[in-house]
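What follows is a single structure, written as structure tokens, with notes after it.
These numbers were taken from a predicted model, which means no experiment stands behind them.
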Amino acid sequence: MATDIHFTTGTLLRYAATGIVCTVAPLILAFLWRKRTYESWVVFLAGFLAYFAAGTVRIMLRFFIFREGSVFATDPFVFYLVQGLLSGVCEETARYVTFKYPLRNRTERTTSVMYGLGHDFYESLAVGGFASFHYVLDGIDWNNLGEAEFTRGLDEKAAQKMLEGVAAAADFSFLDSVLVSLDCLAGTFTHVALSVIVFKAVQTGDWKRWLLLAIGLHTAGNFLCGYLPLSSTGMHLFSIIWAAAIGWFAYRVYKELPYA
């Protein structure tokens, strides 16, 4: 089963660059937003911690719902729908609770943007940043240790599946790097947009309209991106287009907020 898979220096640098973009983009945007609006870093931290809390609850619910033999794990439509719903409910509820209680005295509309950047920073760091840096380390290990070390103890089927994944990872092109980086930025704007919508739910008291709208948009985006038969490139493009659409809507909501 010998292969000639190799992670080139260019590939490793592209992963590193992607990880840096995903990690620092929310921080740079938060710094610029604070410089423009004087919004507090406390709000950014609140968004970061709220996502951590929401993610923890989501992990526990996923473990229970998608346990071995669960009907939710066998049907693709149900699987992606429930996955999207878990993300929508957990994350948007966390936004709502944070705006309504810990940040209840912050009624400036700029708060929603800073919160969204903090919320996104956790996801960008965990998903885009760490994943990309992990590929750098794995690529270096692969080049140094070779296939035998990575397939040790695996049966032929498992080894073949693992090799296919490694081959795909080693084929990380410049276009892939650009698309992943843009996808991370799209995620940033999506989280800011959803934060604006939930912020309006708290400030107007009309949670039935605005909170449920945010949950629905979050659920729909995650569900469609996972369920539709899209290639890796298609998934990134879908996320970018989805972020642009939600961002345009949220910008109109933001401009109409009288809480400046």
Side-chain angles (χ1 to χ4, degrees), residues 17-55 87-88 90-130 132 178 180-204 210-211 213-215 217-218 221 236 239-260:
T18 302
I20 291 172
V21 169
C22 292
T23 301
V24 305
L27 288 173
I28 292 175
L29 290 172
F31 174 79
L32 295 174
W33 190 249
R34 173 175 167 77
K35 187 175 181 180
R36 177 181 178 181
T37 65
Y38 303 102
E39 192 57 71
S40 174
W41 283 107
V42 171
V43 177
F44 183 91
L45 180 61
F48 184 91
L49 295 177
Y51 188 98
F52 174 78
S87 293
C90 291
E91 292 186 42
E92 303 318 313
T93 300
R95 282 186 234 267
Y96 184 83
V97 171
T98 305
F99 284 140
K100 190 169 180 64
Y101 298 105
L103 300 179
R104 61 183 177 276
N105 294 325
R106 297 184 178 275
T107 58
E108 300 84 359
R109 61 187 182 182
T110 56
T111 296
S112 60
V113 176
M114 193 62 148
Y115 173 95
L117 293 171
H119 185 111
D120 174 72
F121 178 57
Y122 189 101
E123 182 171 80
S124 293
L125 186 65
V127 178
F130 286 165
S132 296
V178 171
V180 172
S181 298
L182 289 176
D183 197 341
C184 282
L185 290 172
T188 301
F189 287 104
T190 297
H191 281 303
V192 169
L194 291 171
S195 297
V196 169
I197 293 171
V198 175
F199 183 78
K200 180 157 187 174
V202 173
Q203 295 302 318
T204 62
W210 297 105
L211 176 59
L213 174 62
I215 291 174
L217 289 172
H218 197 144
H236 293 313
S239 296
I240 293 168
I241 294 172
W242 187 258
I246 296 180
W248 173 80
F249 173 75
Y251 177 73
R252 296 183 63 182
V253 172
Y254 180 84
K255 296 296 288 184
E256 293 174 356
L257 283 170
Y259 314 105

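- When all heavy atoms of S132 and G128 are compared, the pair lying nearest together is OG-O, 2.8 Å.
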In a table with atom names and distances, give each donor-acceptor pair under 3.5 Å that connects a side chain of residues 18-32 to protein atoms at least two apart or in another chain.
from : atom 1 : to   : atom 2 : distance (Å)
T18  : OG1    : R14  : O      : 2.8
T18  : OG1    : S177 : OG     : 2.7
T23  : OG1    : G19  : O      : 2.7

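- Legend: residues meeting side-chain contact (heavy atoms from CB on, under 4.5 Å) with A214, ordered by chain and number and at least two apart, are E92, L194, I197, V198.
- The line from CZ of R36 to CH2 of W33 is 5.5 Å long, rounded to the nearest 0.5 Å.
- Remark: F189 CZ is loosely packed, at most 12 non-hydrogen atoms of other residues, nucleotides or ligands lying under 6.0 Å away.
- By the 4.5 Å heavy-atom criterion applied to side chains, R109 and Q203 are not counted as neighbours.
- Under the rule for a side-chain contact (heavy atoms from CB on, under 4.5 Å), the partners of S112 that lie at least two apart in sequence or sit in another chain are F99, V196, F199, Y254.
- W210 is linked by a ring-ring contact (aromatic ring centres under 6.0 Å, His included) to nothing, counting only residues two or more places apart in sequence or in another chain.
- Annotation for R252 and W248: closest pair NH1-CH2, 3.2 Å, computed over non-hydrogen atoms.
- Here OG of S87 is found 11.5 Å from CD1 of I215. Values are rounded to the nearest 0.5 Å.
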Tabulate below the donor-acceptor pairs under 3.5 Å that side-chain atoms of residues 39-55 make, not counting sequence neighbours, or state none.
from : atom 1 : to   : atom 2 : distance (Å)
E39  : OE1    : T110 : OG1    : 2.6
E39  : OE1    : T111 : N      : 3.2
E39  : OE1    : T111 : OG1    : 3.3
S40  : OG     : V42  : N      : 2.9
Y51  : OH     : R58  : NH2    : 3.1
Y51  : OH     : E123 : OE2    : 2.9

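- We find the OG1-CD distance between T37 and E108 to be 9.5 Å, quoted to the nearest 0.5 Å.
- Here CZ of R106 is found 13.0 Å from OG1 of T98. Values are rounded to the nearest 0.5 Å.
- Closest approach of S239 to D183, counting heavy atoms only: CB-OD1, 3.2 Å.
- Each of R95, H119, K200 was compared with S195 under the side chain to side chain donor-acceptor pair (under 3.5 Å) criterion, and only R95 meets it.
- For S124, the side chain to side chain donor-acceptor pair (under 3.5 Å) partners are D120, not counting sequence neighbours.
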